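What follows is a short report on a single structure.
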Amino acid sequence: IGAPVIVVVGGDGTVRQAAEQLVGAPTPLAIVPGGTGNVLAGTLGIHGVEPAIRAIRGGETRSLDLGRARWWPAWEAASGRSSGHERALHERTFVVACGMGLDARIMAAAEHEWKRRMRFGAYVGAALRELVRLESATFRIVADGDPFDVVGYLVLVANAGDLVPGRIGPRRRIDPTDGR
């Protein structure tokens, strides 16, 4: 990219987009939390603008683990075809977590304007809207080359942080810089 550092001001979605563009590049990415959840920034100990500026000025550079999610729209996966065309594979890098099923539907339903106004409450409203349409599905996960299938309402592959920041977290802390 050519810049000494890329500074991104935003939430986890903005950080994800920037990180995806920098995959394989030597340019470091600095995070200034400015989104709804700021899960990655919190996990890295960056709790606000001042700590972010201190980290940019004197912090160490760390490599972040990234995940790669690939999926087909549910109707294509179920039918095995896509209106006479080849199945449309979707692919995205993730930094914090990758959710499928209910989790993905909640994230998609939490509208930008509601997140701006209600912050975390936008996700609560989206969850209530999506719970009425809840159905189980079969998910295939391949982690470190090992495939397994699971039936459920959602699957969340996490690389950092809490499910609900500061309230509900994993049994063991997840370090997004541990190489796993």
Side-chain angles (χ1 to χ4, degrees), residues 5-23 25 27-57 59-71 90-131 139 141 143-144 150 152-180:
V5 65
I6 300 292
V7 178
V8 62
V9 180
D12 294 315
T14 305
V15 171
R16 184 205 64 75
Q17 289 176 334
E20 187 167 44
Q21 297 304 310
L22 293 172
V23 170
T27 307
L29 176 66
I31 303 167
V32 178
T36 307
N38 304 308
V39 173
L40 181 62
T43 300
L44 296 173
I46 306 168
H47 301 285
V49 175
E50 291 298 321
I53 292 170
R54 281 194 302 275
I56 292 168
R57 287 186 175 149
E60 65 183 74
T61 301
R62 296 184 275 179
S63 294
L64 288 177
D65 303 327
L66 299 176
R68 193 84 181 139
R70 295 183 181 113
W71 72 95
H90 299 268
E91 197 167 358
R92 182 167 285 167
T93 297
F94 64 92
V95 179
V96 172
C98 172
M100 298 161 274
L102 179 62
D103 178 72
R105 290 172 56 173
I106 291 170
M107 294 298 122
E111 299 172 23
H112 179 73
E113 182 62 24
W114 283 98
K115 289 191 320 186
R116 188 181 68 73
R117 290 182 184 191
M118 299 175 54
R119 311 236 358 120
F120 186 76
Y123 295 110
V124 174
L128 293 173
R129 282 196 314 263
E130 293 302 318
L131 280 171
F139 302 97
I141 300 169
D144 296 329
V150 63
Y153 297 105
L154 71 94
V155 170
L156 183 66
V157 177
N159 187 45
D162 295 336
L163 300 174
V164 178
R167 300 207 181 342
I168 301 172
R171 286 183 283 222
R172 287 177 269 152
R173 183 181 177 280
I174 302 169
D175 179 357
T177 66
D178 65 3
R180 299 186 329 191

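Only a predicted model underlies this, so the values are computations on that prediction, with no experimental measurement involved.
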*Side-chain heavy-atom pair Asp65, Thr177 within 4.5 angstrom cut-off*: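 When only atoms from C-beta onward are counted, Thr177 and Asp65 do not touch, as no gap falls below 4.5 Å.
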*Mind running side-chain contact (heavy atoms from CB on, under 4.5 Å) on Arg68 and Glu20 for me, showing each step along the way?*
CA-CA 10 Å; Arg68 193 84 181 139; Glu20 187 167 44; 3.1 Å; yes
*Listed partners of Arg70 passing salt bridge (charged side-chain N to carboxylate O under 4.0 Å, His left out), at least two apart*: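 Here the qualifying residues are Glu91.
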How close do [X] and [Y] get, counting heavy atoms only, and between which atoms?
X     : Y     : answer
Leu66 : Ala19 : CD2-CB, 4.4 Å
Ala52 : Pro33 : CB-CD, 4.0 Å
Cys98 : Ala69 : SG-CB, 3.5 Å

_Within 6.0 angstrom of Phe139 CZ, more than 12 heavy atoms from elsewhere_ =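 Yes - once you tally the heavy atoms of other residues, nucleotides and ligands closer than 6.0 Å, there are more than 12.
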_Approximate separation, where rounding is to 0.5 Å, of Arg173 CZ and Asp178 CG_ =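 Interatomic distance, Arg173 CZ to Asp178 CG, rounded to 0.5 Å: 9.0 Å.
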*Interatomic distance, Ile46 atom CD1 to Ile56 atom CD1 [nearest 0.5 angstrom]*: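 The CD1 atom of Ile46 sits 8.0 Å away from the CD1 atom of Ile56.
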_Among Asp175, Ile31, Asn38, exactly one meets side chain to side chain contact (heavy atoms under 4.5 Å, CB included) together with Leu44. Which residue is that?_
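Output: one option passes, namely Ile31.
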*Identified side chain to side chain contact (heavy atoms under 4.5 Å, CB included) counterpart of Val95 within the set Val39, Thr43, Leu40*: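 Looking at Val39, Thr43, Leu40, the match for Val95 under the side chain to side chain contact (heavy atoms under 4.5 Å, CB included) is Leu40.
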_Worked check of side-chain contact (heavy atoms from CB on, under 4.5 Å) between Glu60 and Arg62_ = CA-CA 6 Å; Glu60 65 183 74; Arg62 296 184 275 179; 3.5 Å; yes
*Report the C-alpha distance between Asn159 and Leu64 in whole Å, list the side-chain angles of each, state the deciding distance to 0.1 Å, and finish with yes or no for side-chain contact (heavy atoms from CB on, under 4.5 Å).*
CA-CA 9 Å; Asn159 187 45; Leu64 288 177; 5.9 Å; no
